[in-house]
Amino acid sequence: MLRPKVPTMPQPTGLVTPPAVVQPTTVIQHTPQTPAPAPIVAPVPARPTVQLTPGAVIALVGSGTAVVLVVGAVLVSMLLAVAITGASVAICALVIRSLISADAKRR
């Protein structure tokens, strides 16, 4: 009932193609030709230079300051949450320890 059955390899079905025959090819060597000299052209900069106006600089400084303030507020609130959680766990541990010790003294 619980004996495993070993699968048997089925016979291939359908058309069987013969292996492809590889024909040898000849290698023809060409004499190297010298390339024509490239014309001298002034190099084109990869990217155009960015020119910031005074208004754009003020906007960048303002947005950077806002990002720093938001990230700082989030990190401070996370630190405060961890501190409050740690304090409440410590208080719960003291209460449970005092209950256990009071129960042990009654017996």
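Keep in mind that what you see is a predicted model, and the values were worked out from it rather than measured.
Residue Leu75 is grouped with residue Val67 when hydrophobic side chains (ILVMFWY) are merged at heavy-atom distances under 4.5 angstrom, including chains of intermediate members.
Considering CG of Leu60 and OG1 of Thr65, their distance stands at 10.5 Å, rounded to 0.5 Å. Note that OG1 of Thr85 and CG of Leu80 are 9.0 Å apart. Values are rounded to the nearest 0.5 Å. To the nearest 0.5 Å, the span separating CD1 on Ile58 from OG1 on Thr53 amounts to 8.5 Å.
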